[in-house]
Number of protein chains: 2
Amino acid sequence: MTVVFNERNKCSSCPIRHRAVCARCDDDELALLEQIKVYRSFEAGQPIHWRGDELTHFSSLVSGIAALTKTMEDGRTQMVGLLLPSDFVGRPGRDTVDFDVTATSDVTLCCFKRQPFEEIVEATPHVAQRMMEMALDELDAARDWMVLLGRKTAREKIATFLEMLVRRSHVENMSIPAIDLPLTREEIANFLGLTLETVSRQMSALKKEGVVSFPDRRHFEVLDLAALHDATGDDADGGMIV
Amino acid sequence: MTVVFNERNKCSSCPIRHRAVCARCDDDELALLEQIKVYRSFEAGQPIHWRGDELTHFSSLVSGIAALTKTMEDGRTQMVGLLLPSDFVGRPGRDTVDFDVTATSDVTLCCFKRQPFEEIVEATPHVAQRMMEMALDELDAARDWMVLLGRKTAREKIATFLEMLVRRSHVENMSIPAIDLPLTREEIANFLGLTLETVSRQMSALKKEGVVSFPDRRHFEVLDLAALHDATGDDADGGMIV
DNA sequence: CATGGTGTTTGATCTGCATCAATGCGGGCT
DNA sequence: AGCCCGCATTGATGCAGATCAAACACCATG
């Protein structure tokens, strides 16, 4: 399971770094987690996990971006999840996943060996509960995503995607900083069920309209947040949870 | 959470009817569940639950079909889940859902009052574990669905949908019985991210090719299972879990 | 048996996005 | 500097599926 990024997942004070696992753990439990913890690094583009392979670790993303993708026989691929720092990968009770996990930028993971981790999950209700909470968050995100894929126009898809990035980057100051655009055009296309050309065209259109600007390929700034939101097709408070 | 229909969810011997809840419960736990159980009926087309309303019950579907849908401001709607008999609705730890639940045929639900049910979930690890298992099944289904919505052609969508119904109806004898087609063309369209006209056209095409036949609006027969599978775009053993 | 209503099929046309193709841009290398 | 290579943009064209519109099947009801 992967999990949405939001404030409540963060836990900067903890060695394991993620409230997902540790917020309510006592010292003994934390010590246990420390024992089975191991860091792993991946370069941009490197596969983290192949579809169908045994999942030997649960892990949480410390830095970088990773993508969950499914690919059809003929090569069409669809992203089915996007991992940002503090997101979690793992499926209690399952030992495989049927999608690929790939690092789209340099990634470091904090991994927990599967078996001991599952024992902790089973033994401590609050951890099990947290895992359930994360699974449900993920499910909500997947459902919003389904609306996007099934019913939104290319323009709406792009606007929704950019707005999601704005929300996830939760900018405190209102100084319109450049926001990280962590994927290539092709990856964005696979995320949104489009082609890279359409992604590029729609971004150009939004730029021409003065809604956003792109200082470079890997960043963007929102110039008119209201206009961006209008373009998403979402109602006032709704939108993707991802 | 809703959950996929498959054999392991069924539990015909049990009063609550669903292994989802009861398979590993002892007599005391079953008695407890019996106490908080109440049946509710809905007519075809009737709303079971509105988006945002408080979820007062967990329930499992005893008979009929229900759909989870999300609707955009301008009326575009996308189905994000389909409930068949033995499927489960409920989200441990959450009290609302952000989609509508509607009966698409006459429906009876076996409902459990929320609070006592959650207490049971918290107290009995194997029930909590089963809930997690169901959430993950659902997540897998949602992800397959995302590939369908984002990357498949209309023809592939229809074929995948029909094949899913075949799988879920798990026909024992090979006598090609008429399989239930539990949705209107419009509902199928909302399921697949298409228009009803396109659904109708693609079904006609498959009929003309001798892949399937439609004895009436609400049933179909598979004449050439291999051809149907070829049309899905899935590889040999893959496909939707739903 | 006509009547109306709902859901379905089929046809004609339009259009948004995919596809094919060329050009542009920036960053790393020799 | 000059070159290349990966990625991005932009243009021209085609097509799958949407949209608009009409006919049709089925069922209930008077």
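Sequence lines set the chain letters: A, B, ... in the order given, protein chains first and strands last, and positions in each chain run from 1.
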Student: Indicate yes or no: does A:Asp180 engage A:Arg218 in a salt bridge with an N to O separation below 4.0 Å.
Tutor: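 Salt bridge between A:Asp180 and A:Arg218, a charged N being under 4.0 Å from a carboxylate O: no.
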
Student: State which residues pass side-chain contact (heavy atoms from CB on, under 4.5 Å) with B:Arg201; sequence neighbours excluded, sorted by chain then number.
Tutor: B:Glu197

Student: First and last nucleotide of DNA chain D in contact with chain B, 5' to 3', at under 4.0 Å to a heavy atom: what are they?
Tutor: D:dG17 to D:dC26

Student: State whether B:Arg91 and A:Asp140 are salt-bridged, where the test is any N-O pair (Lys NZ or Arg NE/NH1/NH2 against Asp/Glu carboxylate O) under 4.0 Å.
Tutor: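 A salt bridge is present here (some side-chain N lies under 4.0 Å from a carboxylate O).
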
Student: Kindly list each side-chain donor-acceptor pair under 3.5 angstrom involving residues 40-50 of chain B, sequence neighbours excluded, with atom names and distances?
Tutor:
from    : atom 1 : to      : atom 2 : distance (Å)
B:Gln46 : OE1    : B:Glu43 : N      : 2.6
B:His49 : NE2    : B:Asp53 : O      : 3.1
B:His49 : NE2    : B:Glu54 : O      : 3.3

Student: List the residues meeting side-chain contact (heavy atoms from CB on, under 4.5 Å) with B:Thr56, not counting sequence neighbours, and say none if there are none.
Tutor: none

Student: Let me have a per-nucleotide readout for nucleotides 8-20 of chain C, 5' to 3', with B, S or -, counting only protein heavy atoms under 4.0 Å.
Tutor: SBBBB----SSBB

Student: Salt-bridged, B:Asp144 to B:Lys152, with N to O below 4.0 Å?
Tutor: no

Student: Going by the rule side-chain contact (heavy atoms from CB on, under 4.5 Å), which residues pair with A:Thr198 if we only count those two or more places apart in sequence or in a different chain?
Tutor: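 So A:Thr198 forms a side-chain contact (heavy atoms from CB on, under 4.5 Å) with A:Ala154, A:Leu194, A:Thr195, A:Gln202.
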
